[in-house]
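Here the structure is a predicted model, which is why all the values come from computation and not from measurement. Letters A, B, ... are given to chains in the order of the sequence lines, protein chains preceding strands, and every chain is numbered from 1.
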Number of protein chains: 2
Amino acid sequence: MKMGEYTRMSGRLSDEIFFSLFAVLFLAFGYVMNQFIQKKKIHKETLPNEVQRIDQAKISELKISRREYQVLELIHLGHSNQEISKQLFISESTVKSHVSSLLQKLDAKRRTQAIKTAKELQIL
Amino acid sequence: MKMGEYTRMSGRLSDEIFFSLFAVLFLAFGYVMNQFIQKKKIHKETLPNEVQRIDQAKISELKISRREYQVLELIHLGHSNQEISKQLFISESTVKSHVSSLLQKLDAKRRTQAIKTAKELQIL
DNA sequence: CGATTATTGGTACTTTAGTCTCACTCGATT
DNA sequence: AATCGAGTGAGACTAAAGTACCAATAATCG
């Protein structure tokens, strides 16, 4: 479509009406264009800040087992090994085993550090 | 300014150029218009979800001192008492003192629980 | 200035946490 | 059948974490 075509349109549409139609059209286009730009921004900036769901892929990537992850969640809630053992119906020895392997897999020295790392990896 | 004025413009500007100028103008207007709408949305929806700044009032309400809070922050980063003592240039005994009073003030039994509670209270 | 609070630190002690090694079971895989 | 990973757990430690009590000094406030 070329500019100036409006002169070749049917006589029923006056220049003014046709012109305003184009104006509205571009107005809408500018609006939609901005929508796309905004969505891009949301995907690259806003989403990582607000949504942050758990990265299931990274969990298996680190070879964290189902049981280990449950322990990690309870650590995150501030529970002691003894409390965790009661909630999972296992001995405290077993909890310690899980915690130890968790710390290795998360490359942490303490459980508090494990929590921090796990959040950074979006595992928690 | 009325529609159709372009016919009365100087001959140097062809209809096409003038028309496209208007098109760009409306395009820009549509863009800016959307910008305002987006900013409104951000102010009414996004901000309350993402900001969640630290509640300074609650900190003094719980009578958490400046030093205690610094310790809390370092605990949050996963540091040990020894590491904290080195970073704050104080003895580990002092760190333990701060941690103990912190746990009391936050009504926590462990430092991991203190982290959780502090976040719930929007102190961290 | 006197009172209060914050900060610091020590000692002694108890409790959690964490490591290391070994071992048994169970289910899935090869 | 043999292997492997996951889950379980014991024992003996070492290392952190946390409590209780006490006390000195600095800073702040009325």
Whole-Å gap separating [atom2] ([N]) and [atom1] ([X]):
X        : N      : atom1 : atom2 : answer
B:His79  : D:dA15 : NE2   : C1'   : 19 Å
B:Leu103 : D:dA20 : CG    : P     : 11 Å
B:Glu92  : D:dA16 : CD    : P     : 8 Å
A:Gln82  : C:dA17 : CD    : P     : 9 Å
B:Tyr69  : C:dT7  : OH    : C1'   : 19 Å
B:Ile90  : D:dT25 : CD1   : P     : 19 Å
B:Ile84  : D:dG18 : CD1   : C1'   : 13 Å
B:Leu102 : C:dA6  : CG    : P     : 12 Å

Between [X] and [N], is there a contact of a side-chain N or O with OP1 or OP2 at under 4.0 Å?
X        : N      : value
A:Ser91  : D:dA10 : yes
A:Ser100 : C:dT19 : yes
B:Ser93  : C:dG10 : yes
A:Arg67  : D:dG7  : no
A:Arg66  : D:dG7  : yes
A:Asn81  : C:dA17 : yes
A:His98  : C:dG18 : no
B:Arg110 : D:dA17 : no

Which part of the nucleic acid, if any, lies within contact of [X], taking any heavy atom under 4.0 Å across all strands shown: a base, the sugar-phosphate backbone alone, or nothing?
X       : answer
A:Thr94 : base
B:Ser80 : sugar-phosphate
A:Ser65 : sugar-phosphate

Query raised in the report: Which of these, B:His98, B:Arg111, B:Gln70, sits in a side chain to side chain contact (heavy atoms under 4.5 Å, CB included) with B:Ile75?
Result: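 So the option named by the test is B:Arg111.
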
Query raised in the report: Can you tell which of B:Leu72, B:Val95, B:Ile90, B:Leu102 makes a side chain to side chain contact (heavy atoms under 4.5 Å, CB included) with B:Arg67?
Result: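 In the set B:Leu72, B:Val95, B:Ile90, B:Leu102, the residue that makes a side chain to side chain contact (heavy atoms under 4.5 Å, CB included) with B:Arg67 is B:Ile90.
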
Report task. With DNA chain C as reference, determine whether B:Glu68 or A:Gln104 sits nearer its 5' end, using the nearest nucleotide of each. Result ->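 Going by which nucleotide is closer to the 5' end, it is B:Glu68.
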
Query raised in the report: With nearest nucleotides of DNA chain C determined for B:Leu88 and A:Lys96 from heavy-atom distances, which residue corresponds to the more 5′ nucleotide?
Result: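 The 5'-side residue here is B:Leu88.
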
Query raised in the report: Okay, side chain of A:Thr117, backbone of A:Ala114: is any donor-acceptor separation there less than 3.5 Å?
Result: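 Not at all, since once roles are kept as given, no pair shorter than 3.5 Å links the two residues.
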
Report task. Please check if the side chain of A:Ser100 supplies one atom and the backbone of A:Ser97 the other of a donor-acceptor pair under 3.5 Å. Result ->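 Not a single qualifying donor-acceptor pair exists.
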
Query raised in the report: Is the shortest side-chain N to carboxylate O distance from A:Lys105 to A:Glu68 below 4.0 Å?
Result: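 Salt bridge: yes.
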
**Report entry** Electrostatic pair A:Glu83-B:Arg110, nearest N-O below 4.0 angstrom
**Finding:**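 Looking at B:Arg110 together with A:Glu83, the answer is yes, because their closest N to O distance falls below 4.0 Å.
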
